[in-house]
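A short write-up of the structure that comes next.
Remember, predicted model here, so these are calculated numbers, not experimental data. Sequence positions, counted from 1, serve as the residue numbers for this chain.
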Amino acid sequence: PSHDRMWQASPRGLALALQSRLVDQILEPGDFARDYDNGPTKNRKDATLFEPVSLYESSRSMRKEDAKNFLGLSGDKASVLVQLGVGASDFNERVSAVLRGLSGWENVEIVMAKEPKDEFGNSLIPDGFSVRVIKHFPLADVIHAFDAIVCAAGYNSVHEVIPAGIPTLLIANNRGTDNQFARAKWCRDQGLTLYADSDSLIEVQSQVELLKASDVRNELINRCASIKSPGGASEIAQVILKSVNTS
């Protein structure tokens with residue numbers, strides 16, 4: 001099996017010693033933010049650590065113009081993807097804060113994977129602008145369609161937006177699995193992304209507003225360019241193939 005870093009300090013971590021004895025090998029995808037990892041896997045020595053794993057591959061990802069055309073987005077407007085994940089008790093309020101922050105960005109096209117509505121079916125979209133709803137997987141293949149992204153700090157998202165160099169605001173979710181707060185803070189401290197405290201709707205809105213500044217976006221792009229593209233997927237695949245061929 002494989003497990004990643006950044007586990008929360010939860011009772012689930014107490015079972016690691018037993019679970020480790022039940023398998024022949026443990027493969028651990030690395031995490032850009034592993035220096036901020038204080039979870040139960042941090043000091044274990046029973047796993048083989050690899051580079052981070054990412055669905056993003058520059059050779060496969062569409063160019064900006066092609067990706068926009070593929071998704072039906074306007075070539076004359078900036079496109080911002082909003083993808084906050086699930087599990088937040090204040091999800092509705094958070095979405096509204098993000099959209100308020102984007103409302104001051106002129107000539108912008110907001111994209112989400114589903115139309116934001118509350119539990120009663122009422123739209124969370126402020127008056128005066130619309131949201132485009134698109135569904136595509138894997139997102140990494142069309143990620144260059146977006147001039148900025150607002151998303152949760154899950155493993156997949158972080159390890160896609162940074163290699164792709166997309167200016168991003170991370171808003172961590174506390175779902176009891178991985179420590180998104182630690183991951184998001186590491187990205188912010190390295191200057192790779194912006195970060196907003198998920199408990200502060202005022203901070204969420206103000207950090208979203210920063211994304212409309214081209215100098216802020218350019219600085220994030222330049223910082224992301226200094227990060228080596230993760231090669232964990234091919235490394236782990238080779239280990240699995242070798243194990244299968246020798247079994």
Side-chain angles (χ1 to χ4, degrees), residues 5-10 31-39 78-106 108 110-120 122-129 131 146-162 166-221 223-224:
R5 289 180 173 268
M6 307 300 287
W7 276 27
Q8 297 274 20
S10 65
D31 194 305
F32 284 149
R34 63 178 179 268
D35 288 345
Y36 281 23
D37 178 19
N38 288 307
S79 298
V80 179
L81 176 68
V82 178
Q83 195 170 40
L84 298 185
V86 297
S89 59
D90 60 345
F91 178 79
N92 294 352
E93 292 81 3
R94 226 183 266 184
V95 170
S96 295
V98 169
L99 296 179
R100 286 195 302 271
L102 290 173
S103 64
W105 191 338
E106 296 182 2
V108 68
I110 301 170
V111 179
M112 298 185 74
K114 61 184 295 186
E115 185 177 353
K117 296 181 178 180
D118 63 18
E119 62 270 27
F120 304 108
N122 300 315
S123 177
L124 299 174
I125 303 172
D127 293 336
F129 65 102
V131 169
F146 306 110
D147 298 273
I149 292 177
V150 180
C151 65
Y155 185 94
N156 290 342
S157 294
V158 167
H159 291 87
E160 290 172 14
V161 299
I162 290 177
I166 308 298
T168 298
L169 167 63
L170 297 177
I171 305 175
N173 280 337
N174 185 6
R175 299 181 59 193
T177 50
D178 57 330
N179 190 340
Q180 292 194 11
F181 294 94
R183 183 181 293 118
K185 288 177 180 177
W186 181 88
C187 294
R188 174 202 60 190
D189 291 349
Q190 305 305 309
L192 299 168
T193 70
L194 301 180
Y195 166 79
D197 186 334
S198 58
D199 293 328
S200 173
L201 298 180
I202 293 176
E203 183 174 328
V204 168
Q205 181 175 339
S206 64
Q207 289 296 308
V208 170
E209 290 172 350
L210 289 178
L211 279 175
K212 69 181 180 181
S214 58
D215 57 338
V216 171
R217 298 199 306 274
N218 288 335
E219 178 62 23
L220 294 173
I221 292 170
R223 290 291 296 171
C224 287

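Met112 and Val131 get closest at one heavy-atom pair: CG-CG1, 3.7 Å. Annotation for Thr193 and Cys187: closest pair OG1-CB, 3.3 Å, computed over non-hydrogen atoms. For the pair Ala148 and Arg217, the tightest heavy-atom approach, listed with the atom from each and the gap, is CB-CD, 4.4 Å. The nearest pair of heavy atoms linking Val204 to Ala196 is CA-CB, 3.8 Å. Of all the heavy atoms in Ser198 and Ala172, the pair that sits closest is CB-O, 3.3 Å. Nearest heavy-atom pair, Gly101 versus Glu209, reported as atom, atom and distance to 0.1 Å: O-CG, 3.4 Å.
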**Report entry** Derivation and outcome, side chain to side chain contact (heavy atoms under 4.5 Å, CB included), residues Leu81 and Cys151
**Finding:** CA-CA 8 Å; Leu81 176 68; Cys151 65; over 6 Å; no
Requested in this report: Could you please spell out the steps behind the side chain to side chain contact (heavy atoms under 4.5 Å, CB included) verdict for Val150 and Ile171?
Outcome: CA-CA 7 Å; Val150 180; Ile171 305 175; 3.8 Å; yes
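A parallel orientation is assigned to the rings of Phe32 and Trp186, their planes being inclined by less than 30° (bins at 30° and 60°).
Proximity of Ile221 to Pro167: side-chain heavy atoms (C-beta onward) are separated by under 4.5 Å at one or more points. Between Ile110 and Leu99 there is a side-chain heavy-atom pair separated by less than 4.5 Å. Considering only heavy atoms from C-beta on, Asn173 stays 4.5 Å or farther from Leu84 through its side chain. Two residues are said to be in side-chain contact when any heavy atoms from C-beta on lie closer than 4.5 Å; Gln207 and Tyr195 fail this criterion. Taking the side chain as every heavy atom from C-beta outward, Leu102 and Val80 approach each other to under 4.5 Å.
Residue Ser214 holds its OG atom at 11.0 Å from CG of Asp147, rounded to the nearest 0.5 Å. Residue Asp35 holds its CG atom at 7.5 Å from CD of Gln190, rounded to the nearest 0.5 Å. Note that OG1 of Thr168 and CG of Leu192 are 10.0 Å apart. Values are rounded to the nearest 0.5 Å. Taking CG of Leu169 as the start and CG of Leu210 as the end, the distance is 8.5 Å to the nearest 0.5 Å. Taking CG of Asp37 as the reference point, atom CZ of Arg183 lies at 9.0 Å (rounded to 0.5 Å).
A search for side-chain contact (heavy atoms from CB on, under 4.5 Å) contacts involving Lys212 returns Trp105, not counting sequence neighbours. Listed by chain and number, the residues in a side-chain contact (heavy atoms from CB on, under 4.5 Å) with Asp215 are Ala213 (sequence neighbours excluded). Under the ring-ring contact (aromatic ring centres under 6.0 Å, His included) criterion, Phe146 pairs with no residue at all, not counting sequence neighbours. Partners of Ser96 according to the side-chain contact (heavy atoms from CB on, under 4.5 Å) rule, which considers only residues two or more places apart in sequence or in another chain, are Arg100, Leu124. Listed by chain and residue number, Asp199, Ser200, Glu203 satisfy the side-chain contact (heavy atoms from CB on, under 4.5 Å) test with Asp197 (two or more places apart in sequence, or in another chain).
In this structure, Asp178 contributes its side chain and Gln180 its backbone to no donor-acceptor pair below 3.5 Å.
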